[in-house]
S.K.: 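Starting off with a structure, shown below.
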Amino acid sequence: MVGSYFLTTAIDYVNSAPHLGHAYEKVLADFFSRHELSLERDVLFLTGVDEHGQKVQQSAQREGVEPQAFADRMSARFREQHRSLGVASSHFVRTTDDQHKKIVRDWLQKLHDKGEIFFQEHEGYYSVRQEQFVTEKDRVDGQWPEIFGEVIHTREPNYYFRLEPYRQKLLKHLEDHPEWIVPGFRRKELQSALAEPLADLCISRPKSRLAWGIPLPFNEDYVTYVWFDALTNYYSFASIKGQLVWPPDLQIIGKDILIPAHGVYWPIMLFALELELPKHLLVHGWWTNRGAKISKSDAKSLIDPAPYVETYGPDALRYFVLREMVLGQDADFSDERFETRYTGDLGKKLGNLVQRSLSMIGRYRNGVVPNYDGFHLTAADEGLRSDVIVEEYRRAVEQFAPHLALQAVWDLVARANEYVEENAPWKLAKEPEQAKRLDVVLGLLAETVRRLSVLIQAALPFTAEKIRVQLNLSTGPVRLEEALYGNSLHGHTIGKPEVLFPPIEKVDSGSSPAP
RNA sequence: GCCAGGGUAGCUCAGCGGUAGAGCAGGGGACUCAUAAGCCCUUGGUCGGGGGUUCGAUUCCCCCCUCUGGCACCA
């Protein structure tokens, strides 16, 4: 193994069902994870769910079940989404895991001992209906909005975590590590969020108000609230074969949780604990539904990827989200765009190339890849076997640009399809004196298909496997190095070609038109 | 209000000082190995508006309009 690579995704809150946004983030992480595996790194890939908190407690109550039972059921749904998409994490994190609870309590105790956490009485307005404190800012025209119900003036002592002492250090870190936040423009947003002094962060709730949480080690009448419960997960399971791995190389989050959670609270928690900060925080954008915003509260705007996976297969969805979204920016999801990618890029370009190449080898050479060692190669031959594409692919991935990486791969697909036309093997096959030429053409095509199976494995793992089966090659993960041109297939007998992306009539749409 | 990023072909976007590019969609063609696929050719834009710098601006500067984020403020 060539070193290790540790990456995480945000953990998803089990109060609502998994949707496209969740799926995208996990696919993205899985893509990077598989890429690192292909570089022979020891990969630790963490993803999972956030199970504590008020909303889960309320939802469970509403259904008359225990919070744990509710969390179990919802966690299973997220797990199922990962499975259906081929998201192969090293560990599925659950915040109700004892190992996690122990770490959370250790951290809290440590920070309490250091004086970073203190006890203070808070006086303010409290919404009974929302079960939370509200501020003057929440008022609309001097009145408390209806959603808060009755608002009372009350006082409640709680535990607070000091942020301000580390603000300058964090600013300095931002300055010294321009690569920390990806893409770069998010960095400036964080910088401006750190321009003003930071208020202490309330990290507890009395058990009387919130029972579904992890009790504070220094006061069992309280549970910790949100941040120490959720963010800590990245550390709780950070080990490979029993060895602590720290810090993460890559943490993938959505743009909604950069400020303040992962850009302020999280690094300051790590500073206070004297732990290193993650090397990269990758901040992705959001999907829109046919141009309309997707909002958690509007069920109609949510896109469930399941029907698409069901109809088109997991790789189709993986390809779409990775190819269509410029990392960091928002992108639009619609049936039309999805079908265009599926039918065009996957079916007609890649699928057809594999099909026609293998079928011609079967038809003209009895399924045996010709050996063309020492034969004359044309400029077009040289172009097709070039390794430049592998370098382009790798560079794009390193720059966190999966869409460019895939574009590079599809450039090779296009070049191969052109190559078939230019050389018209069906014509060569009719002329016995062209046998050597046909050997070169078919041999190169077989080699190209083989190389493509390697280049797509991080993005389209299922398809990569299928192609390797059709080539009658070993299955399972392959080193990226194998994407370089070689002659490993000379004399090799391939299997039967099968359609990779069959035409689909119609999908039962999960994305509803914008109103 | 402040900060950042956009506004380029019907759609999604690239280009960012030298008289406009890609993919998809639209039109035409030759071929037949292949998923009626693929390949070749092609229609299409006063590059948000105005002003300036320059021999020359989509590309640099200023102003305005508009969209998207982030932050702040008021209620």
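By convention in this document, chain letters (A, B, ...) are assigned in the order of the sequence lines, proteins followed by strands, and residues within each chain are numbered from 1. Small disclaimer: the values here were computed from a predicted structure and weren't measured.
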S.K.: Tell which nucleotide pairs with B:rA36, taking only Watson-Crick or G-U wobble pairs whose two distances are both under 3.5 angstrom.
M.R.: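 Pairing partner, where one exists within any strand: none, as none qualifies.
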S.K.: Could you give the distance separating B:rG6 and B:rG10 at their P atoms, to the nearest angstrom?
M.R.: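 Here B:rG10 and B:rG6 have their P atoms 22 Å from each other.
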S.K.: Can you find a side chain N or O atom of A:R187 that sits less than 4.0 Å from OP1 or OP2 on B:rG70?
M.R.: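 Answer is no, no contact under 4.0 Å.
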S.K.: Say we look at B:rG52 and B:rU43: how far apart would their P atoms be, to the nearest angstrom?
M.R.: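 So the two P atoms sit 35 Å from each other.
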S.K.: Side chains of A:Y308 and A:D335 only: does a donor on one sit below 3.5 Å from an acceptor on the other?
M.R.: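 Indeed, the side chains of A:Y308 and A:D335 share at least one donor-acceptor pair under 3.5 Å.
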S.K.: Measure the distance from CH2 on A:W287 to C1' on B:rU12 and round it to the nearest whole Å.
M.R.: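 Rounded to whole Å, this separation is 12 Å.
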S.K.: When both hydrogen-bonding distances must be under 3.5 Å and the geometry is Watson-Crick or G-U wobble, what is B:rA4 paired with, if anything?
M.R.: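 Pair assignment: B:rA4 / B:rU68.
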S.K.: Are the aromatic ring centres of A:F161 and A:Y265 under 6.0 angstrom apart?
M.R.: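 No: the rings miss the under 6.0 Å criterion.
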S.K.: Taking CH2 from A:W286 and P from B:rG69, how many angstroms apart are they, rounded to a whole number?
M.R.: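 Rounded to whole Å, this separation is 8 Å.
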S.K.: Say you pick atom C1' in B:rC71 and the same atom in B:rU59; how far apart are they, in whole Å?
M.R.: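 That atom pair is separated by 31 Å.
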S.K.: Please give, in whole Å, the distance from B:rG38 P to A:L412 CG?
M.R.: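 Going from CG in A:L412 over to P in B:rG38 covers 17 Å.
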S.K.: Atom CG of A:D332 and atom P of B:rC11: how far apart are they, to the nearest Å?
M.R.: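 Distance check: A:D332 CG to B:rC11 P gives 13 Å.
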S.K.: Taking the side chain as C-beta and beyond, is there a heavy-atom pair between A:Y319 and A:T463 under 4.5 Å?
M.R.: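 When only atoms from C-beta onward are counted, A:T463 and A:Y319 do not touch, as no gap falls below 4.5 Å.
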S.K.: When the distance from CZ of A:F338 to C1' of B:rU12 is rounded to whole Å, what number comes out?
M.R.: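 That distance rounds to 17 Å.
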S.K.: What integer distance in Å separates A:R341:CZ from B:rU35:P?
M.R.: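 For the pair A:R341 CZ and B:rU35 P, the rounded distance is 24 Å.
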S.K.: Can the ring centroids of A:H280 and A:W180 be said to lie less than 6.0 angstrom from one another?
M.R.: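 Centroid separation for A:H280 and A:W180: 6.0 Å or greater.
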S.K.: Which value, in whole Å, describes the distance between the C1' atoms of nucleotides B:rU32 and B:rC40?
M.R.: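 After rounding to an integer number of Å, I get 15 Å for this pair.
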S.K.: Is NZ or CZ of A:R162 both nearer than 6.0 Å to the six-membered ring centre of A:F118 and within 45° of the ring axis?
M.R.: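 So A:R162 does make the cation-pi contact.
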S.K.: For A:A331 and for A:V499, locate the closest nucleotide of RNA chain B by heavy-atom distance; then report the residue assigned to the nucleotide nearer the 5' terminus.
M.R.: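 On the 5' side of the pair lies A:A331.
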S.K.: Roughly how many Å apart are B:rG38 and B:rC3, using the P atom of each and rounding to a whole number?
M.R.: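 Nearest-Å result for B:rC3 against B:rG38 at atom P: 50 Å.
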S.K.: For B:rU68 versus B:rU12, give the span between their P atoms, rounded off to a whole number of Å.
M.R.: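 So the two P atoms sit 14 Å from each other.
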S.K.: Taking the same atom, C1', in B:rC47 and in B:rG18, what whole-Å distance lies between them?
M.R.: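 Between the two C1' atoms, the distance is 16 Å.
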S.K.: Judged by modelled atom types alone, do A:H262 and A:Y234 share a side-chain donor-acceptor pair under 3.5 Å?
M.R.: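 Indeed, the side chains of A:H262 and A:Y234 share at least one donor-acceptor pair under 3.5 Å.
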S.K.: B:rA20 pairs with which nucleotide, Watson-Crick or G-U wobble, both distances below 3.5 Å?
M.R.: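 In the structure as shown, B:rA20 has no Watson-Crick or wobble partner.
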S.K.: Which comes earlier along RNA chain B counting from the 5' end, the contact point of A:S192 or that of A:E324, where each point is its nearest nucleotide?
M.R.: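 In this pair, the answer is A:E324.
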S.K.: Could you check how far CZ of A:R337 sits from P of B:rC24, rounded to whole Å?
M.R.: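 It works out to 13 Å between those atoms.
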S.K.: Can you tell me if the side-chain N/O atoms of A:K349 get under 4.0 Å from OP1 or OP2 in B:rC24?
M.R.: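 For B:rC24, OP1/OP2 do have a side-chain N/O of A:K349 under 4.0 Å.
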S.K.: Considering only atom C1', compute the distance from B:rC60 to B:rG17 and round it to an integer number of Å.
M.R.: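 It works out to 8 Å between them.
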